[in-house]
Amino acid sequence: MTAHATVDSILTDSRPAMSARVEARDVVFEYVLGRPVLNRWSAVFPIGSMTALTGPSGRGKSTLLYLLGLMLHPTGGEILVDGTPVSGLRDADRARLRATRFGFVFQDAALDHTRTVLDNVTETALYAGLHRRDVTPRALELLDRFDVDVPGHRRPGQVSGGQAQRIALCRALLIDPGVLLADEPTGNLDPATATLVVEALRDHARTGAAVIVVTHSPEVAAACDTEIRL
Ligand code: ADP
Ligand code: MG
C-alpha cells in the first residue's frame, strides 16, 4: 500500500495481516458542547509499532481509542488511515473498514453473553466476510494459545474476568487486524498471563500492525515502542 491510499483501496483491500498507519490530526472531541475532552490533538501511530496511551482517569484515553477506531466522530479534525481521511466516511464504509482492518479489545471485554465463547471470537470475522469453516480452527488455536481453557460452547457469563479479557483478545486478533486497539487489556490478569498478552501484542505489531494500548501499567508501557501521556 502506498503512503496515500485511496478510500476505495482502503475499503477493498482486506488482505490479512495488513499493516496500517493511523493518524489523529487536530482532533477535537466534546461530549458536551464547548467542553472538549480532546482539543486539537495530533499523533501518528506508525506501521509496526506499539504505542502506550497513559494518563490519569478521565483524561480521554478511552474516548481517543473510540475515535481512532471510528466508533465516535471527531467534533473537529480527522482520523487518517494510510494518509487517507476516514473519519468523514459514511457509516456503512466506516463499519466495513472497522470490520476488515481494525481489532478492538474493550476494557470490560464486551462479550455477547447470549452467544457461546467460540461464536464471540468468530463473530467479527464472519461479519467481515470470512467463512466459519476457515476461521473456526484459528479461533480454537487462539483460545488455546491464550490458555482460555473453557469449552468453546460455554457462554461468557460462565467465565472469569481474566478469561473474558483473553477471549476478547482472541476475537480482536482473529482477522489479523492492521490496527489493534486495546483498552487496559491486562487489567484483570495475573502477571504471567499479562506477560503472555503483552507479548502477543508485540508479536502482532511485528506483523506490521499499528498497536495502540491504553494502560495504567508501567510494565506494559515499558514494553511499548512509544508512550504518549494524555
Ligand atoms: P479515560 O479513559 O482517560 O479515563 P474517558 O475517555 O473515559 O477517559 O473520559 C474522558 C472524559 O469524558 C471524562 O471526563 C468522562 O467523564 C467524559 N465522558 C466519557 N464518556 C462520556 C459520555 N458518554 N458522555 C459524557 N461524558 C463522557
Ligand atoms: Mg478509559
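Numbers here are sequence positions counted from 1. Whatever order the structure lists them in is the order used to number ligands and atoms, beginning at 1. Hydrogens, waters and symmetry mates are skipped; everything else that's a heavy atom, side chains included, is used.
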Chemist: How close does the nearest protein non-hydrogen atom get to atom 8 (O) of ligand 1, and which residue and atom is it?
Modeler: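 So the nearest neighbour among protein heavy atoms is Gly60 N, 3.1 Å.
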Chemist: Considering only heavy atoms, does Thr63 approach ligand 1 within less than 4.0 Å through its side chain, its backbone, both, or neither?
Modeler: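 Looking at Thr63 and ligand 1, atoms from backbone and side chain both fall under 4.0 Å.
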Chemist: For ligand 1 and Gly58, I'd like to know whether there is a polar contact (N/O to N/O, distance under 3.5 Å).
Modeler: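 The answer is yes, given that Gly58 and ligand 1 share an N or O pair closer than 3.5 Å.
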Chemist: By the definition side-chain contact (heavy atoms from CB on, under 4.5 Å), identify the one residue from Val150, Leu143, Val135 that meets it with Leu118.
Modeler: Leu143
Chemist: Return the set of protein N, O or S atoms whose distance to the Mg ion (ligand 2) is under 2.8 Å, each given as residue and atom.
Modeler: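 Protein N/O/S atoms under 2.8 Å of the Mg ion (ligand 2): Ser62 OG.
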Chemist: Taking 4.0 angstrom as the limit and counting only heavy atoms of Ser57, give me the atoms of ligand 1 inside it, by number and element.
Modeler: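 This gives 4 (O) as the contact atoms.
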Chemist: Taking ring pair (Phe, Tyr, Trp, His ring centres under 6.0 Å) as the definition, give me every residue that meets it alongside Tyr66, ordered by chain and number, with sequence neighbours left out.
Modeler: none
Chemist: Classify the angle between the aromatic ring planes of Trp41 and Phe45 as parallel (below 30°), tilted (30 to 60°) or perpendicular (above 60°).
Modeler: parallel
Chemist: Can you list every pair that meets salt bridge (charged side-chain N to carboxylate O under 4.0 Å, His left out) and has a residue in residues 30-48, with sequence neighbours left out?
Modeler: Asp26-Arg40
Chemist: Ignoring hydrogens and angles, tell me if any N or O in the side chain of Thr207 forms a donor-acceptor pair with the backbone of His204 under 3.5 Å.
Modeler: yes
Chemist: Taking side chain as C-beta onward, heavy atoms only, is Arg138 less than 4.5 Å from Asp176?
Modeler: yes
Chemist: Keeping the roles fixed (side chain from Ser160, backbone from Gln163), state whether a donor-acceptor pair exists under 3.5 Å.
Modeler: yes
Chemist: Considering all protein heavy atoms, does one lie under 4.0 Å from atom 20 (N) of ligand 1?
Modeler: yes
Chemist: Mind jotting down which residue pairs meet the side-chain hydrogen bond (donor to acceptor under 3.5 Å, both in side chains) criterion with at least one end in residues 210-219? Sequence neighbours excluded, please.
Modeler: Glu184-His216, Ser217-Glu219
